[in-house]
Amino acid sequence: MNFSEKIVCKRRMRFPLTMYLIIFVSASVVFYQYHLSKAWMISHNNSQQFRDLGASSVEKGANYTYYASKNIRQAEPFSINNPHIPPLYIITPTYRRPEQLAELTRLAHTLMLTPNVHWLVIEDAQRKTDLVTDLLERTGLSYDHLLAPMPEIYKKKKKGPKPRGVSNRNKGLNWIRQNAKNGVLYFADDDNTYDLQLFKEIRYTKQVSMFPVGLITKLGISSPIVRNGKFDGFYDGWIAGRKFPVDMAGFAVSVKFLLDRPKAGMPFKPGFEEDGFLKSLEPLEPYELELLAENCTKIWVWHTQAKRNEPSQPLDFAKYNNTNLVVLKHILV
Ligand code: UGA
Ligand code: MN
């Protein structure tokens with residue numbers, strides 16, 4: 001083989017290699033495009049599903065799709081929406097205080113990582129707080145923002161504990177009665193910490209499920225007791241003659257189970273809200289509870305309780321006029 005023949009031969013060898021490269025790159029581009037459009041369709045279908053459930057307005061569906069098409073939700077592995085899983089209705093009471101926005105931001109970002117959630121945020125207030133409205137809009141979540149002020153008789157109470165979050169939760173229950181057909185409801189106070197695994201598990205509650213809640217009383221936990229794989233009572237620092245001595249964050253209820261009990265509701269009885277609500281779900285006996293979190297051996301939720309902050313001190317508007325501090329002061333409590 002002379003020199004010119006060698007060159008021709010090398011070119012022949014290089015030609016198929018270049019072709020392979022071109023085919024590989026084009027196939028990758030096509031596959032990536034297909035993947036993007038499929039992800040969009042899944043999110044789009046999900047918003048359609050919420051409309052079918054009557055759980056969200058057309059406007060909300062559009063809003064959801066808007067975020068989906070901007071690939072915000074697809075950015076996280078947990079956010080892939082699966083229209084074949086039951087919806088979760090999260091009832092969150094909230095009220096204006098220095099920690100409110102921080103608490104709601106944390107909970108919102110947890111829920112943004114959870115598929116098929118409809119968030120019911122219910123303010124103990126006469127008017128909706130703009131900052132809460134803005135936060136909800138920015139999450140891209142399917143939600144309803146409702147009001148349920150604490151009745152005046154309890155609000156005026158000078159002595160002893162007040163029934164916190166009760167009117168809010170009852171409002172949420174009414175909303176579910178009017179709008180939901182299936183799925184599961186869960187009372188998620190704004191100040192707790194939630195593991196995503198909790199939402200994965202409670203979604204399949206058939207009647208009423210229960211699981212441990214960390215950071216409760218001196219015992220450090222509130223949980224059903226499981227002996228030989230079976231329910232054997234409750235471990236809680238404050239039993240107080242309750243049939244269900246559990247925390248609000250320690251149980252989930254099937255929507256159908258609630259709908260079959262039209263009288264069920266939460267009493268305005270401080271300390272006995274959980275017990276009163278669970279008793280109102282009769283017929284329901286503790287041994288029938290579905291024990292989650294690997295037979296109650298895991299903690300997927302904590303009663304964190306943020307440190308209480310004093311309201312912020314007044315701002316010297318004369319001194320700081322025309323600065324960012326004027327805007328910030330309007331956000332602060
Ligand atoms: C504990 C339980 O975790 C609550 O679910 C239960 O309602 C409460 O005890 C009770 O027995 O009264 P705790 O941490 O002591 O809760 O109460 P908060 O976190 O202050 O309030 C519970 C929920 O109600 C929160 O989501 C909070 O934002 C809301 N809330 C509180 C109001 O909507 N209005 C209020 O005036 C106070
Ligand atoms: Mn709390």
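Indexing begins at 1, ligand by ligand and atom by atom, following the structure's order. Small disclaimer: the values here were computed from a predicted structure and weren't measured.
Heavy-atom proximity to Asp191, at under 4.0 Å, picks out these atoms of ligand 1: 14 (O), 19 (O). Using a 4.0 Å cut-off to heavy atoms of Gln305, the atoms of ligand 1 that qualify are 14 (O), 15 (O). Per-residue contacts place Met150 under 4.0 angstrom from the following atoms of ligand 1 (heavy atoms of the residue considered): 36 (O).
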TODO: Check step by step if ring-ring contact (aromatic ring centres under 6.0 Å, His included) holds for Phe277 and Phe187.
DONE: CA-CA 11 Å; Phe277 172 68; Phe187 297 119; 5.3 Å; yes

Task: side-chain contact (heavy atoms from CB on, under 4.5 Å) between Asp191 and Thr304, worked out - done: CA-CA 6 Å; Asp191 59 337; Thr304 331; over 6 Å; no

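Residue nearest to atom 10 (C) of ligand 1, selected from Arg308, Arg97, Glu273, Lys162: Glu273 (by heavy-atom distance). Of the candidates Leu107, Asp189, Thr304, Asp190, the one placing a heavy atom closest to atom 28 (O) of ligand 1 is Asp190. Closest heavy-atom approach to atom 7 (O) of ligand 1 among the candidates Arg96, His303, Arg169, Glu274: Arg169.
An N or O contact shorter than 3.5 Å is missing between Met248 and ligand 1 by distance.
Residue contacts with ligand 1, taken as heavy atom pairs separated by less than 4.0 Å, do not involve Asn192 at all. In Asn168, the part holding a heavy atom less than 4.0 Å from any atom of ligand 1 is the side chain. Of the heavy atoms in Gln100, none comes closer than 4.0 Å to ligand 1. Proximity of Glu123 to ligand 1, defined as any heavy-atom pair under 4.0 Å, is not found for any part of the residue.
At a cut-off of 2.8 Å, Asp189 does not coordinate the Mn ion (ligand 2) through any N, O or S atom.
The backbone N or O of Lys256 sits less than 3.5 Å from a side-chain atom of Ser254, completing a donor-acceptor pair. Arg203 contributes a side-chain N or O that, together with a main-chain N or O of Pro86, makes up a donor-acceptor pair within less than 3.5 Å. When atom types are taken as modelled, the side chain of Glu290 and the backbone of Val208 share a donor-acceptor pair closer than 3.5 angstrom.
Taking atom 2 (C) of ligand 1 as the reference point, the nearest protein heavy-atom neighbour is Asp247 OD1, 3.5 Å. Atom 26 (O) of ligand 1 has Pro93 O, 2.7 Å as its closest protein atom, hydrogens excluded (heavy atom only). Given atom 31 (C) of ligand 1, the protein heavy atom at minimum distance is Tyr95 CE2, 3.3 Å. Atom 35 (C) of ligand 1 has Asp124 OD2, 3.5 Å as its closest protein atom, hydrogens excluded (heavy atom only).
The cluster map of Ile, Leu, Val, Met, Phe, Trp and Tyr, joined by side-chain heavy atoms under 4.5 Å apart, puts Trp302 and Leu292 in different clusters.
Between the side chains of Lys307 and Asn309, at least one donor-acceptor pair of N or O atoms lies under 3.5 Å. A donor-acceptor pair shorter than 3.5 Å cannot be found between the side chains of Lys263 and Ser280.
In terms of distance to the Mn ion (ligand 2), the nearest N, O or S atom of Asp191 is named OD2.
Distance CG/Leu136 to OH/Tyr143: 5.5 Å, rounded to 0.5 Å.
The cationic atom of Lys157 (NZ for Lys, CZ for Arg) does not lie both less than 6.0 Å from the six-membered ring centre of Tyr154 and within 45° of the ring axis. Cation-pi geometry between Arg261 and Phe257 is met: under 6.0 angstrom from the ring centre, within 45 degrees of the axis.
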